[in-house]
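Read through the structure below, which is laid out as structure tokens, and then see the notes.
When reading the values below, keep in mind they use all heavy atoms of this one structure, side chains included, and skip hydrogens, waters and symmetry mates. Residue indices begin at 1 and follow the sequence shown. Since the model is a prediction, treat every value here as computed from it, not as a measurement.
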Amino acid sequence: MASLKKATKVVCIGRNYADHITELNSAKPKQPFFFLKPPSSIILPGEGAVIRPRGVDLHYEVELALILGKRVRDHDASDLKGALDAIASYALSIDMTARNVQNEAKKKGLPWDIAKGFDTFLPMSKLIEKSRIQDPHNIELYLKVNDEVRQNDSTNLMLFQIPRILSDISKVMTLEAGDIVLTGTPKGVGPVVPGDVMRAGIRVDGKEIEEAKIEIAVEESTRSYEYAET
């Protein structure tokens, strides 16, 4: 598990589910749109809580994560077998986002690094063996806050599937073994506050994958950062 933090990068696909694009009033991309999260944002099972920085409107986004097992460069978007062969394992992830910081960045044309990059802003599950997910384009992702279901959709709703995702990323930057790719979040994103507990998971053919379960609380930060307009 600690090896996840040795990834050279975490690449995240944005706006990959139509209903999520609508709920954030965003434009539908003509091609995969991606950004980076630092590996230092990863928090593994048992390592503690998600920390909400002061002044931040903290949102959750549940996503399927791909853990690469080999170098990928200039991948052919039509090559499904090659894309799946490049994946060593899967994981569930929650892309935590400082939504007010991101909204300001969008309005001013600024990068999203602060909004996405705080420590603890990427809770991840245990590794999931590939044999447990035969078809990553047909699994159910869910997220609950205090046992209330907030997100619950199938990956068959992805606008861009995994071969196209790996193709577009690897045309820009080489993906190395151990790198992590987040494939986008379905509708239902929203806020959490200190005291809340998030529970997330994956179902395949209606059956829960035990290794995919995430249960993590939210706590207030005691660090010096406090959001202020740029």
**Message:** Under the criterion side chain to side chain contact (heavy atoms under 4.5 Å, CB included), I'd like the reasoning laid out for L159 against I21: C-alpha separation, chi angles, the key distance, then a yes or no.
**Reply:** CA-CA 11 Å; L159 298 177; I21 294 171; 3.6 Å; yes
**Request:** Mind listing the closest non-hydrogen atom pair of N138 and S154 along with its distance?
**Result:** OD1-OG, 3.9 Å
**Message:** Count I, L, V, M, F, W, Y as connected when their side-chain heavy atoms are under 4.5 Å apart, and connections chain through other members. Are I87 and I169 then in the same cluster?
**Reply:** yes
**Item:** Verdict with supporting geometry, D57 and N103, side chain to side chain contact (heavy atoms under 4.5 Å, CB included)
**Value:** CA-CA 10 Å; D57 179 19; N103 288 341; 5.9 Å; no
**Salt-bridge contact E61-R99 (side-chain N to carboxylate O under 4.0 Å)** = yes
**Prompt:** Under 4.5 Å between side-chain heavy atoms, hopping through other hydrophobics if needed: is there a path connecting I180 to L64?
**Reply:** no
**Asked** What closest approach, in Å, do P163 and A83 show between heavy atoms, and which atom pair accounts for it?
**Response** CA-CB, 3.8 Å
**Asked** Is it true that atom CG of D74 has more than 12 heavy atoms of other residues, nucleotides or ligands lying nearer than 6.0 Å?
**Response** yes
**Asked** What's the shortest heavy-atom distance between D168 and P32, and which atoms?
**Response** OD2-CD, 3.1 Å
**Request:** Check L92 against G201 and note the closest heavy-atom contact, atom names and distance.
**Result:** CD2-N, 3.2 Å
**Prompt:** Can you tell me if T155 uses its side chain to pair, donor with acceptor, with the backbone of P136 under 3.5 Å?
**Reply:** yes
**Message:** Per the ring pair (Phe, Tyr, Trp, His ring centres under 6.0 Å) rule, what does the pair list look like for residues 40-78, sequence neighbours excluded?
**Reply:** none
**Asked** Does the side chain of P191 reach to within under 4.5 Å of the side chain of D196, using non-hydrogen atoms?
**Response** no
**Message:** Would you say Y142 ends up clustered with Y17 if hydrophobic residues are merged whenever their side chains have heavy atoms under 4.5 Å apart, either directly or through other cluster members?
**Reply:** no
**Request:** State whether the number of non-hydrogen atoms from other residues, nucleotides or ligands found under 6.0 Å of I114 atom CD1 is greater than 12.
**Result:** no
**Complete:** Between G188 and E23 the two heavy atoms that sit nearest each other are N-OE1, 2.9 Å
**Asked** Measuring from S131:OG to Y90:OH, what's the distance to the nearest 0.5 Å?
**Response** 10.5 Å
**Name of the residue among F118, F33, F34 meeting ring-ring contact (aromatic ring centres under 6.0 Å, His included) with W112** = F33
**Message:** Taking side chain to side chain contact (heavy atoms under 4.5 Å, CB included) as the criterion, tell me which of I67, V10, L122 meets it with L4.
**Reply:** I67
**Complete:** Of all heavy-atom pairs linking E63 and I13, the shortest is OE1-O, 4.3 Å
**Item:** Single-linkage hydrophobic cluster, 4.5 Å side-chain cutoff, V193 and V56 together
**Value:** no
**Prompt:** Do other residues, nucleotides or ligands put more than 12 heavy atoms under 6.0 Å from K207 NZ?
**Reply:** no
**Request:** Might you confirm whether atom CZ of R73 has over 12 heavy atoms from other residues, nucleotides or ligands at distances under 6.0 Å?
**Result:** no
Result block: side-chain N/O donor-acceptor pairs under 3.5 angstrom for residues 36-53, not counting sequence neighbours:
from	atom 1	to	atom 2	distance (Å)
K37	NZ	D95	OD1	2.6
K37	NZ	M96	O	3.1
K37	NZ	K116	O	2.7
K37	NZ	F121	O	3.1
S41	OG	P38	O	2.7
E47	OE1	K5	NZ	2.8
E47	OE1	L44	N	2.9
E47	OE2	K5	NZ	3.2
R52	NE	E220	OE1	3.4
R52	NH2	E220	OE1	2.6

